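Keep in mind that this is a model prediction, so the values were computed, not measured.
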Amino acid sequence: MLKKIYKFIIVPYTLFLLYLMFLGMGRFQYDENIVRIKPILSTIEFIEGTIRWEDIIRIVLGNVVMFIPFGFLGWIFPKLKELKSLLFSFISAIVIVEALQYFTRMGICEIDDIILNTFGVYLGFLMCMFLENKFSRFV
C-alpha cells in the first residue's frame, strides 16, 4: 500500500523540491556565480552568523529532512534497493542540480548541501529498510 502511494507522490514532490531549489523561498538570480567548497565549515559559519533559530532549522535540517523521501527510491527502481547504487545515483543527480544552481546563478553551489542532502537520503534508506522489515504487510 505504501509503495503505491509513494509512486504517486514522488514525482510531484520532486518537482516541488526543484521549484524550491531554483525559484522558491525568495530566490533571486545572483550577480555572480557562487560556489562554497569548504565542507562542514560553511554550515558552521552559517549557524554562528545566524541570529534566528528558524533560519538554522529551515536551512540545515531542511536540507536533510526534505531529501528523506529519496531513500525510498528502491520501491520504484529495484536497482536502487542497494545503498551503494542509491547513493551513487543520488550524488550524481544532486551534483548536477547544484551545478545548475551555479550556472544559472539561481542559488549557491555548496558542498554542504550535497553532504546534508545525501545524509537525508541515507536516513530515508534506513527508514525504508526498517519499514520493510517490521511492517512488510503494509508496505
Indicate the atoms forming the closest heavy-atom contact of Ile76 with Tyr6, along with that distance.
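Minimum heavy-atom contact is CD1-CE2, 3.6 Å.
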
Of the non-hydrogen atoms in Gly71 and Cys128, which two are nearest, and what is the gap between them?
O-CB, 4.0 Å

Tell me which pairs pass salt bridge (charged side-chain N to carboxylate O under 4.0 Å, His left out) where either residue lies in residues 67-81, with sequence neighbours left out.
Lys81-Glu132

Salt bridge (charged side-chain N to carboxylate O under 4.0 Å, His left out) partners of residues 10-21, not counting sequence neighbours, each pair once
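Counting only pairs at least two positions apart or across chains, no salt bridge (charged side-chain N to carboxylate O under 4.0 Å, His left out) contact touches residues 10-21.
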
Who are the side chain to side chain donor-acceptor pair (under 3.5 Å) partners of Asp113, not counting sequence neighbours?
Asn63

To the nearest 0.5 angstrom, please state how far the CG atom of Leu100 sits from the CG atom of Leu18.
9.5 Å

Within this structure, what is the CG-CZ distance for the pair Leu80 and Phe125, rounded to the nearest 0.5 Å?
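Atom-to-atom, Leu80:CG and Phe125:CZ are 10.0 Å apart.
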
Are side-chain heavy atoms of [X] and [Y] found at a separation under 4.5 Å?
{"X": "Ile10", "Y": "Phe72", "value": "no"}
{"X": "Leu73", "Y": "Phe70", "value": "yes"}
{"X": "Leu20", "Y": "Met66", "value": "yes"}

For residues 84-94, dump all side-chain donor-acceptor pairs below 3.5 Å to protein atoms at least two apart in sequence or in another chain.
unit_1 : atom_1 : unit_2 : atom_2 : d
Ser89  : OG     : Ser85  : O      : 3.0
Ser92  : OG     : Phe88  : O      : 2.8

Suppose the criterion is side-chain hydrogen bond (donor to acceptor under 3.5 Å, both in side chains): which pairs have a residue in residues 9-19, not counting sequence neighbours?
none

Tell me every residue that passes side chain to side chain contact (heavy atoms under 4.5 Å, CB included) with [X], counting only those two or more places apart in sequence or in another chain.
{"X": "Met106", "result": "Phe22, Leu23, Gln29, Thr104"}
{"X": "Phe8", "result": "none"}
{"X": "Leu126", "result": "Tyr122"}
{"X": "Leu15", "result": "Val11"}

Residues that Lys7 engages under salt bridge (charged side-chain N to carboxylate O under 4.0 Å, His left out), provided they are two or more places apart:
none

Linking Ile, Leu, Val, Met, Phe, Trp and Tyr through side-chain heavy atoms less than 4.5 Å apart, which residues share a cluster with Ile57?
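The other cluster members (ILVMFWY side chains, heavy atoms under 4.5 Å, direct or chained) are Leu61.
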
Is Val95 reachable from Val97 through a run of I, L, V, M, F, W or Y residues, each pair having side-chain heavy atoms under 4.5 Å apart?
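Per the 4.5 Å side-chain linkage, Val97 and Val95 are co-clustered.
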
Do Val65 and Val60 sit in one hydrophobic cluster, given that two such residues count as connected whenever their side-chain heavy atoms are within less than 4.5 Å of each other, even indirectly?
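Result: no, two separate clusters.
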
